[in-house]
Amino acid sequence: MKINTAEFVISNSEVKKCPNSPLPEYAFIGRSNVGKSSLINMLTNNKNLAKTSSKPGKTQLINHFLINKNWHLVDLPGYGYAKVSKSIKNSFQKFITNYFENREQLTCAFVLVDIRHEAQKIDIDFINYLGEAGVPFGIVFTKADKIGKTIIQKNVAAYKKKLLEVGWEETPPMFVTSSENQTGKEELLNYIDEINQMVFKGQ
Ligand code: GTP
Ligand code: MG
């Protein structure tokens, strides 16, 4: 799929105020600093669309971007950022879980994990939460430019093994990406396109 237009729509902490449109949407979630906003910019060929930072905690709201005028990409705040206070953490978590549990347009979530590290408890917990909440999801490995191909394959295989160990019967779709060198762009966009085709057909 080619992205011709990508426009910022609105930022929110309230699911009720997210765009009142039936368009399918795809949300990026994961630890702070994992590269959610950078990935949105890479996919849309626009370095300035989503705000990024080398410091964790940059994205603090639910951000909707309208793509090709017929679907939404959603940038979310990261979880697991140690420096925010407990009360901020709680309110963050509330609107994130609210989003995942109540946003009917959410078609698929992508959980981003840093390809360099072995499976972290916080990510596995979130993946299990999505499973329990019945949200379809894929896993997107980020920062693949930072390690070699062999280690990438080894780490992806280890991640699959971990998911099977914690009780998943099959593993979700997985994508290896780099926002630095555009790895995985076609695969991820084609996957979204396939789902969009099914959604639009069913309407
Ligand atoms: P929060 O909004 O704070 O939750 O972070 P985020 O997940 O949106 O991360 P963001 O996209 O802001 O990127 C965090 C840092 O990682 C920035 O310094 C990016 O330049 C860097 N980064 C993101 N993706 C990649 C990548 O694929 N490769 C490399 N080398 N750096 C990356
Ligand atoms: Mg961000």
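For the single chain, residues carry numbers from 1 onward in sequence order. Indexing begins at 1, ligand by ligand and atom by atom, following the structure's order.
- Nearest non-hydrogen protein atom to atom 18 (O) of ligand 1 is S54 CA, 3.3 Å.
- Between the side chains of Q197 and D193, at least one donor N or O lies within less than 3.5 Å of an accepting N or O.
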Practice item. Kindly indicate, with the supporting measurements, whether the criterion side chain to side chain donor-acceptor pair (under 3.5 Å) is fulfilled by N45 and K185. Key: CA-CA 10 Å; N45 310 311; K185 183 176 184 174; 2.3 Å; yes
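- Annotation for ligand 1: atoms under 4.0 Å from non-hydrogen atoms of K146 are 29 (C), 30 (N).
- For ligand 1, the polar-atom distance check against L39 finds no nitrogen or oxygen pair separated by under 3.5 Å.
- Geometrically, ligand 1 and T59 share a nitrogen or oxygen pair separated by less than 3.5 Å.
- A ring-centre distance under 6.0 Å is not found for F175 and F141.
- Which of S37, G184, A50, G57 comes nearest to atom 3 (O) of ligand 1 through a heavy atom is settled by distance: it is G57.
- Annotation for ligand 1: atoms under 4.0 Å from non-hydrogen atoms of P56 are 3 (O).
- In this structure, F100 has its ring center no closer than 6.0 Å to that of F95.
- A donor-acceptor pair shorter than 3.5 Å cannot be found between the side chains of T142 and D114.
- The closest donor-acceptor contact from the side chain of Q182 to the backbone of S179 lies at 3.5 Å or more, if one exists at all.
- Taking backbone and side-chain atoms together, T59 has an N/O/S atom less than 2.8 Å away from the Mg ion (ligand 2).
- For atom 25 (C) of ligand 1, the closest non-hydrogen atom of the protein is K143 CG, 3.7 Å.
- Side-chain atoms of N181 and S178 include a donor-acceptor pair closer than 3.5 Å.
- An N or O contact shorter than 3.5 Å links S38 to ligand 1 by distance.
- A distance below 6.0 Å separates the ring centres of F137 and W168.
- In summary, the atoms of ligand 1 found under 4.0 Å from a heavy atom of K36, numbered by their order in the structure, are 1 (P), 4 (O), 5 (O), 6 (P), 7 (O), 8 (O), 9 (O), 11 (O).
- Polar contact check, V34 against ligand 1: a nitrogen or oxygen pair lies under 3.5 Å apart.
- At the top of the distance list for atom 17 (C) of ligand 1, counting protein heavy atoms only, stands S53 O, 3.3 Å.
- The closest protein non-hydrogen atom to atom 5 (O) of ligand 1 is N33 N, 2.9 Å.
- Here the heavy atom of the protein found nearest to atom 9 (O) of ligand 1 is G35 N, 3.2 Å.
- Nearest non-hydrogen protein atom to atom 27 (O) of ligand 1 is S179 N, 2.7 Å.
- Using a 4.0 Å cut-off between heavy atoms, M42 makes no contact with ligand 1 at all.
- E25 and H64 form a side-chain donor-acceptor contact under 3.5 Å, judged by distance and modelled atom types alone.
- Residue K58 has at least one N or O atom closer than 3.5 Å to an N or O atom of ligand 1.
- The Mg ion (ligand 2) has no N, O or S atom of S32 closer than 2.8 Å.
- In this structure, N68 contributes its side chain and N4 its backbone to a donor-acceptor pair below 3.5 Å.
- Listed by number with element, the atoms of ligand 1 under 4.0 Å from a non-hydrogen atom of S178 are 27 (O).
- Close approach to G78 involves these atoms of ligand 1, each under 4.0 Å from a residue heavy atom: 4 (O).
- A salt bridge does not link K146 with E180: every distance from a Lys NZ or Arg NE/NH1/NH2 to an Asp or Glu carboxylate oxygen is 4.0 Å or more.
- Ring geometry for W71 against Y26 counts as perpendicular: the plane angle is over 60°, on a 0 to 90° scale with 30° as the lower cut.
- Atom 29 (C) of ligand 1 has as its closest protein heavy atom E180 CG, 3.3 Å.
- In summary, the side chains of T44 and N46 do not present any donor paired with an acceptor at a separation below 3.5 Å, with no hydrogens or angles considered.
- In this structure, atom 28 (N) of ligand 1 lies nearest to the protein heavy atom D145 OD1, 2.7 Å.
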